[in-house]
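This report concerns only the one structure given below.
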Amino acid sequence: DPERDSFLYGTFPSNFSWGVATAAYQIEGAWNEDGKGPSIWDTFTHTPGRTYNNQTGDVTCDSYHRYEDDIAIMKEMGMKHYRFSIAWSRVFPDGTRNRINMAGVDYYHKLIDGLLAAGIQPMVTLYHWDLPQALQDMGGWDNDIMAVHFDNYADFCFNEYGSKVKLWITFNEPYVFTKVGLETGVHAPGLKHQGTTVYRAAHNVLKAHAKAWHTYNDRYRSTQKGKCGITLNCSWGQAATDSEEDKAAADRYMQFGFGWFAHPIFVNGDYPEVIKDKVMKKSLAQGLTTSRLPEFTEEEKQLLKGTSDFLGANYYTAVYVSAKERQAMPPGFFKDQDFMTTDDENWPTSGAGWMRPVPWGFRKFLNWINENFNKPVIYITENGVAEHSEDEPMFEDTWRIQYLTSHVNEMLKAYTLDGIDIRGYTYWSLMDNLEWAEGYASRFGLYYVDFKNPKRPRLPKESASVYAKVIRNNGFPEPASGMLW
Ligand code: GBH
């Protein structure tokens with residue numbers, strides 16, 4: 001494919017938005033300060049053996065006290081938007097609206113006001129994985145009452161911050177936090193239930209999302225005039241061969257990862273047929289009388305359909321997918337899917353063991369989304385790469401410069417050549433932070449953070465000035481007009 005390696009010159013429209021992303025638990029610290037309640041991530045990281053070297057988010061980048069430093073470095077780079085998340089238990093310590101923590105509420109006001117004063121639009125994620133522990137104690141996402149609690153929390157945030165925040169994201173990557181939190185147990189709350197809780201939790205997350213979107217739509221949209229969406233992710237699944245079986249397996253991979261949430265929201269209020277079909281067959285095969293996949297009522301489907309003003313998409317990497325009957329595997333989420341994934345030895349490696357940079361996969365991923373979900377308005381809400389380093393700074397991050405420019409270039413092709421309606425790009429992450437169970441050595445930042453220094457200085461890597469240049473140029477203008485790339 002000759003298109004794959006060619007570089008496209010061109011720029012984005014003048015209102016294209018460039019940003020960076022973070023998440024509360026990964027950067028804030030102050031885990032028990034000023035009335036914040038514990039979240040499942042506090043519990044998880046405080047349990048020995050769960051994270052790399054037992055590292056926690058107790059202090060991390062200390063953004064709860066140093067958010068002004070964060071704003072300053074974003075301003076330095078010319079950022080247009082900042083995607084951050086609100087820690088639910090900082091606002092509602094036990095997850096319910098019975099008790100509101102005003103110090104936590106004020107923190108986000110100060111952050112938002114500081115951003116607006118610096119000319120940076122806030123893009124706010126309501127849920128980036130840090131469920132209040134008190135709600136987990138009631139069963140967490142497995143309990144359908146969560147939709148009510150999430151809606152109350154969302155309603156509170158829209159009401160409190162909505163005059164200043166115009167871009168809302170209900171959930172970050174439900175595919176990841178249900179699968180990795182409840183099926184493989186690598187993330188909080190660390191459950192390893194096989195092919196059961198994962199589907200029920202996802203079902204409740206979808207209902208919670210729809211409820212919150214309707215709250216925004218019915219009560220706030222006309223006065224606040226913002227947008228409310230969801231962020232979904234998966235790797236790009238490339239068919240390993242041209243065989244019909246492998247092509248079907250690759251599509252199944254995308255449907256189980258992305259369509260699981262995108263199909264109900266953007267298509268018809270219901271799961272993709274291939275998921276319903278597979279989970280039913282596998283459930284019957286193990287001797288159950290009904291599918292492990294819950295069903296939506298007609299009313300619920302109507303409530304779900306069309307509940308997103310834009311699609312937030314996170315892309316990091318690609319995999320090859322081939323068809324494979326999982327005979328030996330115990331029943332569960334993975335056996336349900338009947339495929340095998342591999343990567344290509346020729347793809348470069350990165351500082352994160354789970355990902356190799358595959359820029360051409362980004363354009364294919366965007367085209368697949370565009371074709372399958374009714375050409376939604378898209379914001380890229382995450383894309384990035386890490387180096388692996390305990391403490392040693394690596395300021396000459398050529399790999400990140402290469403990753404960033406090549407992925408932005410593939411996005412430019414998707415926008416210009418494929419006509420996909422992409423409104424913004426968000427690099428993950430502003431600065432090095434707690435990479436969940438992988439700890440602090442997996443560094444995704446444009447800025448290096450010294451976690452040994454109590455002041456947590458943020459120091460720019462070379463990629464920070466390259467991204468600033470891409471932002472100034474709004475893409476990659478022709479060399480004749482000034483810049484040589
Ligand atoms: C995103 O997850 C997250 O939104 C963000 O918070 C995170 O810091 C960033 O990407 C970088 O990872 O699946 O067992 O191999 C991307 C998906 C899921 C990738 C968890 C790493 C590691 C555990 N991530 N995965 S496993």
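Counting starts at 1 for both ligands and their atoms, following the listed order. Source: prediction; values computed, not measured.
The protein non-hydrogen atom at the shortest distance from atom 18 (C) of ligand 1 is Val176 CG1, 3.5 Å. Atom 1 (C) of ligand 1 has Glu382 OE1, 3.1 Å as its closest protein atom, hydrogens excluded (heavy atom only). Distance from atom 9 (C) of ligand 1 to its nearest protein heavy atom, with residue and atom name: Tyr316 OH, 3.3 Å. Regarding atom 22 (C) of ligand 1, its nearest protein heavy-atom neighbour is Glu438 OE2, 3.5 Å. Closest protein heavy atom to atom 13 (O) of ligand 1: Val180 CG2, 3.9 Å. Nearest protein heavy-atom contact of atom 15 (O) of ligand 1 is Trp354 CB, 4.2 Å.
Proximity of a side-chain donor or acceptor of Asp418 to a complementary backbone N or O of Ile420 within less than 3.5 Å is not detected.
In this structure, a donor-acceptor pair under 3.5 Å is absent between the side chains of Asp309 and Trp168.
Using a 4.5 Å heavy-atom threshold, the side chains of Asn383 and Tyr425 count as touching. Side-chain contact check for Met74 versus Leu115: some heavy-atom pair is nearer than 4.5 Å. Trp260 is listed as a side-chain neighbour of Thr178, based on a closest heavy-atom distance under 4.5 Å.
Compare Glu173, His187, Glu435 by their heavy atoms: the one nearest to atom 2 (O) of ligand 1 is in Glu173.
Look at Lys179 and you'll find every heavy atom at least 4.0 Å from all atoms of ligand 1.
Checking only distances, Trp129 never comes within under 3.5 Å of ligand 1, N or O to N or O.
With a heavy-atom cut-off of 4.0 Å, Asn172 touches ligand 1 through its side chain alone.
Relative to the ring axis of Tyr64, Arg90 places its NZ or CZ within 45° and under 6.0 Å from the centre.
The salt bridge (charged side-chain N to carboxylate O under 4.0 Å, His left out) with Asp336 is formed by just one residue from the set Arg292, Arg326, Lys278, Lys282; it is Arg292.
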